[in-house]
Amino acid sequence: MKPVTLSTLQAYKRAGETFSCLTAYDASFAQAASHAGIDVLLVGDSLGMVLQGHTSTLPVTVDDICYHTRCAARGKGHSLLMVDLPFMSNASTQRMLEDGAALMRAGAELVKVEGEAWMAEGIRELTRRGVPVCAHLGLTPQAVYQLGGYKVQGRDTVQAERILQDAKVLVEAGASVILLECVPASLGKAITDALDVPVIGIGAGPDTDGQILVMHDVLGVTHGRPPRFVKNFMADAGNIQGAFQDFHEAVKTRTFPAPEHCF
Ligand code: KIV
């Protein structure tokens with residue numbers, strides 16, 4: 001399969017085609033996901049919860065992320081490897097540059113950062129130095145204590161307008177991709193339509209350009225009650241490779257997310 005690059009994602013957007021994204025934290029699962037056709041793999045700081053057993057992503061360090069990035073990079077195949085800047089990597093522009101460099105040296109091909117319009121300077125400086133950036137908006141799990149829990153964001157028009165404006169500012173600053181988490185489907189569509197760059201959604205409705213899930217949720221290895229936007233693809237597939245393939249197909253054919261997965 002041809003390597004997936006930022007240009008591939010942009011071409012998907014222009015053609016109105018969706019693309020699939022899945023978290024992966026090691027070489028074996030990265031390889032299985034890549035063989036299933038998944039376009040983008042994310043070494044997410046969700047590893048703090050699904051691998052390390054924490055109740056939030058806050059304890060994850062740059063060293064943790066770099067270790068898992070090196071592992072996933074060895075199995076990533078044709079897929080594009082996106083990697084999370086962990087909690088407080090956005091504390092200053094200098095820190096974003098240093099942590100972004102560490103992630104790229106470990107094998108990242110696209111760096112994801114959580115925050116709002118105030119990250120514009122950091123994103124501008126990263127992209128100036130050749131580090132492509134995905135800006136994560138909506139529910140940003142690193143701010144879970146500020147947000148008062150893992151709650152849907154942008155439900156009222158003021159909040160929705162702020163998220164849309166933040167996305168525009170960060171694209172203007174150089175973000176090549178936007179990731180929207182847990183926002184109403186109508187806002188997911190409005191932001192996707194308003195931007196020229198690819199928009200990836202998780203709990204952001206069926207109209208974003210890409211869809212992402214955490215691998216453990218796709219495989220039904222979710223602790224406690226799964227969030228509304230999650231689908232367990234293992235239940236029907238019965239094996240890991242089949243579950244990844246079914247997720248990929250469901251995204252490509254826009255049968256996932258279904259209305260029951262949306263807000
Ligand atoms: O860390 C992660 O896995 C993420 C996804 C939920 C998008 O950021």
Side-chain angles (χ1 to χ4, degrees), residues 9 18-26 29-30 33 38-62 64-69 71-72 76 79-90 99 103 106 108 110-116 119 133-144 147 149-153 163 167 170 175 177-183 188 191-192 198-205 208-219 221-224 226-231 244 247 251 256-257 261 263:
L9 304 187
T18 48
F19 56 90
S20 60
C21 319
L22 191 64
T23 65
Y25 316 95
D26 69 22
F29 283 103
I38 301 292
D39 295 292
V40 180
L41 299 176
L42 169 65
V43 181
D45 61 356
S46 51
L47 70 86
M49 299 171 83
V50 297
L51 299 189
Q52 298 175 337
H54 297 294
T55 52
S56 78
T57 59
L58 274 63
V60 176
T61 65
V62 177
D64 292 335
I65 292 276
C66 284
Y67 170 75
H68 288 284
T69 300
C71 295
K76 74 165 206 76
S79 311
L80 181 73
L81 193 64
M82 173 158 73
V83 179
D84 260 342
L85 279 168
F87 179 58
M88 280 298 155
S89 281
N90 56 13
D99 292 354
L103 267 44
L110 172 65
V111 161
K112 177 162 82 62
V113 60
E114 294 183 16
E116 297 169 349
M119 289 187 312
V133 178
C134 169
H136 182 154
L137 300 171
L139 171 57
T140 46
Q142 291 169 14
V144 61
L147 299 173
Y150 297 100
K151 294 177 183 165
V152 180
Q153 303 296 307
I163 297 172
L170 297 180
V177 179
I178 295 290
L179 187 144
L180 285 179
E181 178 163 354
C182 274
V183 298
I191 294 178
T192 305
V199 176
I200 301 171
I202 176 165
T208 55
D209 304 300
Q211 295 289 338
I212 187 164
L213 282 180
V214 170
M215 177 188 86
H216 291 62
D217 292 334
V218 166
L219 297 180
V221 194
T222 309
H223 295 294
R228 181 186 170 98
F229 55 78
V230 158
K231 179 170 174 183
F244 289 171
F247 167 65
V251 170
F256 176 81
H261 305 118
F263 301 105

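As the structure lists them, so they are numbered: ligands from 1, and atoms in each ligand from 1.
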>> Assess, by modelled atom type and distance only, whether the side chains of Gln142 and Asn90 contain a donor and an acceptor separated by less than 3.5 Å.
In response: no
>> Does the plane of the ring in Phe256 sit parallel, tilted or perpendicular to the ring in His261? Use 30° and 60° as the thresholds.
In response: tilted
>> How long is the straight-line distance from OG1 of Thr57 back to CD of Gln52, given to the nearest 0.5 Å?
In response: 10.5 Å
Extract all N/O-N/O pairs under 3.5 Å that connect ligand 1 to the protein, and present each with both atom names and the distance rounded to 0.1 Å.
unit_1   : atom_1 : unit_2 : atom_2 : d
ligand 1 : 1 (O)  : Asp45  : N      : 3.2
ligand 1 : 1 (O)  : Asp45  : OD1    : 3.1
ligand 1 : 1 (O)  : Ser46  : N      : 3.0
ligand 1 : 1 (O)  : Ser46  : OG     : 3.3
ligand 1 : 1 (O)  : Asp84  : OD2    : 3.0
ligand 1 : 3 (O)  : Ser46  : OG     : 2.5
ligand 1 : 8 (O)  : Lys112 : NZ     : 2.8

> Regarding Thr23 and Tyr25, is there a side-chain donor-to-acceptor distance under 3.5 Å anywhere?
Replying inline: yes
>> Once rounded to the nearest 0.5 Å, what's the spacing between atom CG of Leu110 and atom CG of Leu41?
In response: 11.5 Å
>> Please determine whether the number of non-hydrogen atoms from other residues, nucleotides or ligands lying under 6.0 Å from atom OH of Tyr67 exceeds 12.
In response: no
